Amino acid sequence: MVSDKFRRQLRQEVQQWHREGLIYPEQYEQLSARYQFNALETSARNRFVVIVIGLGCVLLGLAAITFVAANWQVWSREWRSLLLLTVFVGVNAIGFYLWRYPIQVWQHRFGQGLLLLGALILGANMGLMGQMFHQSGSPAPLYLLWGVGVLAMSYSLRQTMLGLLAVWLLGIGYWWGMLDSADERGAWWLQLMLQHMPLLSAAMFIPLAYWCRSRWIFGLGAIAIISSLQSNLLRVHLDGGSGNSLWITLFLALPPALLWAYKDRWQSRFSPEEEPSPQSFQFITRSLAILFLGIVCYWFSFHWIWLDSWKAPGEDLEVFGGWRLIDALALSILAIWQWLQLARRWDLTTGAVGGLIAIATITPIWHINISPIGIFAPLIFNVVLFLLAAGCLREGLGSGDRRLFWCGMVLLSLQIFSRMFEYNTDLIFKALMLFLCGAGIIAAGIWFERYVRTLNPPENP
C-alpha cells in the first residue's frame with residue numbers, strides 16, 4: 001500500500017505538472033483517482049481522531065484503574081471476578097465489532113487496537129485471578145498460558161499483531177521456565193511444554209505464519225524452534241553428554257541442515273483457499289542457516305577454544321535427558337527426508353552448504369573421539385568461515401542481492417579483525433589492517449552499487 005506521505009508529495013508534483021502543461025487534465029484526473037488525492041485530508045482527520053480517541057481511552061483507563069485500586073480490597077472476590085470478566089469480554093466485543101464491521105477506516109484500526117488491548121487484559125486478568133486465589137510461584141506458567149490464549153485469538157481472528165504477541169509471550173514463558181526448572185520441579189504440563197517446545201513451536205507458529213501471511217511470525221517461529229532445540233541439547237550437555245558424537249551432530253549439524261532444506265510444502269494447506277499462494281518463506285530459513293553456520297564457524301575459529309581438554313565420550317544418551325532428545329530425533333528424521341527430496345534438484349550452492357555443515361560437524365567429533373587436532377582445527381574453521389563469506393559474496397554478486405553481499409563482507413571483515421586482535425601483532429600493523437579494511441569496504445560498496453545498476457539498466461523512453 002502506498003503511504004500517505006508519498007501520495008501527498010505526488011499530488012504536489014502532479015499539480016505542478018498540470019500548471020506547467022506537462023500533462024493533460026484527463027491524465028491529472030486519472031492520477032487523482034488512482035492515488036485518491038481527495039481522500040488525503042480525510043485520512044489526516046481520521047488519524048487525528050484516532051489519536052484523540054486513543055488518548056482519551058488511556059485517560060479513561062487510568063481513571064478506571066485508579067477507581068478499581070481504591071475499592072479493590074473492599075469488594076468481594078465475586079465482584080472482582082465479575083469485573084475482570086466484564087472488562088475482558090467488553091473490550092474484545094467492541095474491538096471485534098469495529099474491526100469486522102467498520103464504517104470508516106479509523107474504526108478498523110481502532111478495533112485492531114482494542115483487540116490487542118484485550119489480549120493484554122487477558123494476561124492481567126490471569127495474574128489478578130491467581131493473586132485472588134492465592135496462587136504463587138514462577139511466572140512461567142502464567143506467560144505460557146497467556147501465550148496460548150493469545151495464540152488462539154490470533155488463529156481465530158487471523159491477526160498478525162496478536163500472533164507476534166503470542167510468540168513473545170510463549171518465548172518469555174519458555175526461557176523463564178527453563179531458568180526456574182533446573183531442579184525439574186513444577187506442574188507436569190509445564191515440564192512437558194518445556195521438554196517438547198521445539199515440536200510445539202513448529203506446530204503453533206509455522207501454520208499461523210501461513211495463515212496470517214506474516215514473515216515476522218515465520219522468522220520468529222523458526223528462531224523459537226532452533227533456540228529451544230539448542231536449549232534442550234544444552235541441558236543434555238549439562239547432564240554429561242558433551243562428548244557423544246550423536247550429541248555433537250544434533251547440536252551443530254541439525255539446525256542448519258533443517259533450515260536449509262526447508263521448503264514451503266504446506267503453504268496451500270495452511271493458507272486460505274480463496275486467496276493465491278503466499279510468497280515463499282524459504283529465503284528466511286536459508287538466511288538463518290547461513291547465520292547459524294557463521295556463528296559456529298566464527299566461534300570455533302579461535303585457537304584458545306581448542307586448548308582446553310574437552311570431555312571424552314561417557315554415558316549413553318539414554319542415561320541422560322532421553323526425553324529431551326525426542327524432539328531432536330523427530331526433527332532429524334524430517335531434515336533427512338527434506339535433504340533426500342532436495343537431492344533430486346541438487347545444485348552447487350546446496351552442495352557447498354552441505355559440505356560446510358559436514359566439515360563443521362566432523363572436526364569436533366574427530367578432535368574429541370579420535371585424536372586431538374588442536375593445531376589444525378582453528379585453521380579448518382578459518383578456511384570454512386572464509387569459504388562461507390566467499391559464497392555469500394558470490395551469491396550476492398550473481399543475484400545483485402545487497403543482503404548477501406554485505407553478509408559476506410561482514411563475515412570476512414570480522415574474521416580479519418578477530419585474527420588480528422587474537423594474536424600479538426604490532427600496533428602499526430593493526431592500524432594498517434584497519435585502514436586497509438575500511439578502505440576496502442568503501443571501495444567494495446561503491447563498486448557493488450555500480451555493478452547492481454549494470455544488472456538492471458534504466459530503460460530509455
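Please read these numbers as outputs of a predicted model, since none were measured by experiment. Residue numbers run from 1 in the order of the sequence given. The figures here come from the full heavy-atom set of this structure, side chains too, leaving out hydrogens, waters and symmetry mates.
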Asker: About how many Å separate CG of Leu192 and CE of Met197, when rounded to the nearest 0.5 Å?
Answerer: 10.0 Å
Asker: Just so I know, are the side chains of Pro378 and Ser301 near enough to count as touching, which here means a heavy-atom distance under 4.5 Å?
Answerer: no
Asker: Could you check if a side-chain atom of Asn92 sits within less than 4.5 angstrom of a side-chain atom of Leu114, using non-hydrogen atoms only?
Answerer: no
Asker: Indicate the ring-plane relationship of Phe96 and Trp99, choosing parallel, tilted or perpendicular according to the 30° and 60° boundaries.
Answerer: tilted
Asker: Any idea which heavy atoms bring Cys297 and Val384 closest together, and the distance?
Answerer: SG-CG1, 3.4 Å
Asker: Once the angle between the rings of Tyr210 and Phe218 is folded into 0 to 90°, is it parallel (under 30°), tilted (30 to 60°) or perpendicular (over 60°)?
Answerer: perpendicular
Asker: For Phe283, I'd like to know if atom CZ has over 12 heavy atoms of other residues, nucleotides or ligands within 6.0 Å.
Answerer: yes
Asker: If you measure from CG on Leu220 to OG on Ser201, what distance do you get to the nearest 0.5 Å?
Answerer: 11.0 Å
Asker: If you count every heavy atom of other residues, nucleotides or ligands that lies below 6.0 Å from Trp299 atom CH2, does the total exceed 12?
Answerer: no
Asker: Would you mind reporting whether Leu151 and Tyr155 have side-chain heavy atoms less than 4.5 Å apart?
Answerer: yes
Asker: Check Leu98 against Gly111 and note the closest heavy-atom contact, atom names and distance.
Answerer: CB-CA, 3.9 Å
Asker: The criterion is side chain to side chain contact (heavy atoms under 4.5 Å, CB included); which residues satisfy it with Thr350, sequence neighbours excluded?
Answerer: Trp260, Arg286, Trp339, Leu342, Trp346, Asp347
Asker: For Leu254 and Ala328, work out which heavy atoms get closest and say how close.
Answerer: CD2-O, 3.5 Å
Asker: Less than 4.5 Å apart, any side-chain heavy atom of Pro256 and any of Val353?
Answerer: no
Asker: Would the distance check show the side chain of Ser228 and the main-chain N or O of Ile225 forming a donor-acceptor pair, the cut-off being under 3.5 Å?
Answerer: yes
Asker: Taking all non-hydrogen atoms of both residues, which atom of Ala224 and which atom of Ser227 are closest, and how far apart?
Answerer: O-OG, 3.2 Å
Asker: What are the two closest heavy atoms between Leu250 and Pro255, and how far apart are they?
Answerer: O-CD, 3.4 Å
Asker: Per the side-chain hydrogen bond (donor to acceptor under 3.5 Å, both in side chains) rule, what does the pair list look like for residues 164-174, sequence neighbours excluded?
Answerer: Tyr174-Ser231, Tyr174-Asn232
Asker: Evaluate the criterion side-chain contact (heavy atoms from CB on, under 4.5 Å) for residue pair Leu208 and Met204; output intermediate values, then yes/no.
Answerer: CA-CA 7 Å; Leu208 180 63; Met204 291 187 298; over 6 Å; no
Asker: Quick check for you: to the nearest 0.5 Å, what is the distance between Leu258 atom CG and Leu288 atom CG?
Answerer: 11.0 Å
Asker: For Tyr143 and Trp176, take the angle between the two ring planes, folded into 0 to 90°, and tell me which bin it lands in: parallel under 30, tilted 30 to 60, perpendicular over 60.
Answerer: parallel
Asker: Quick one, Trp189 and Leu145 - any side-chain contact, counting heavy atoms below 4.5 Å?
Answerer: yes
Asker: How long is the straight-line distance from CG of Leu169 back to CG of Leu144, given to the nearest 0.5 Å?
Answerer: 9.5 Å
Asker: Search all heavy atoms of Thr361 against all heavy atoms of Ile365 and return the closest pair with its distance.
Answerer: O-CG1, 3.3 Å
Asker: Are any of the side-chain heavy atoms of Leu411 and Tyr298 separated by less than 4.5 Å?
Answerer: no
Asker: Applying side chain to side chain contact (heavy atoms under 4.5 Å, CB included), name anything that partners Ser214, two or more places apart in sequence or on another chain.
Answerer: Thr160, Cys212, Trp216, Ile217
Asker: Is there a donor-acceptor pair under 3.5 Å between the side chain of Trp211 and the backbone N or O of Ser156?
Answerer: no
Asker: Short question: side chain of Ser413, backbone of Val410 - any donor-acceptor pair under 3.5 Å?
Answerer: no
Asker: Taking the side chain from Gln338 and the backbone from Lys263, do they hold a donor-acceptor pair closer than 3.5 Å?
Answerer: no
Asker: Considering only heavy atoms from C-beta outward, does the side chain of Leu120 approach that of Trp146 to under 4.5 Å?
Answerer: yes
Asker: Between Ser154 and Leu162 (side chain of the first, backbone of the second, donor and acceptor by atom type, cut-off under 3.5 Å), is there such a pair?
Answerer: no
Asker: Kindly compute the distance separating CZ (Phe381) from CG (Leu387), expressed to the nearest 0.5 Å.
Answerer: 12.5 Å
Asker: For the CD1 atom of Ile362 and the CG atom of Leu252, what is their distance to the nearest 0.5 Å?
Answerer: 11.5 Å
Asker: For the residue pair Gln159 and Met153, establish whether any side-chain heavy-atom pair is separated by less than 4.5 Å.
Answerer: no
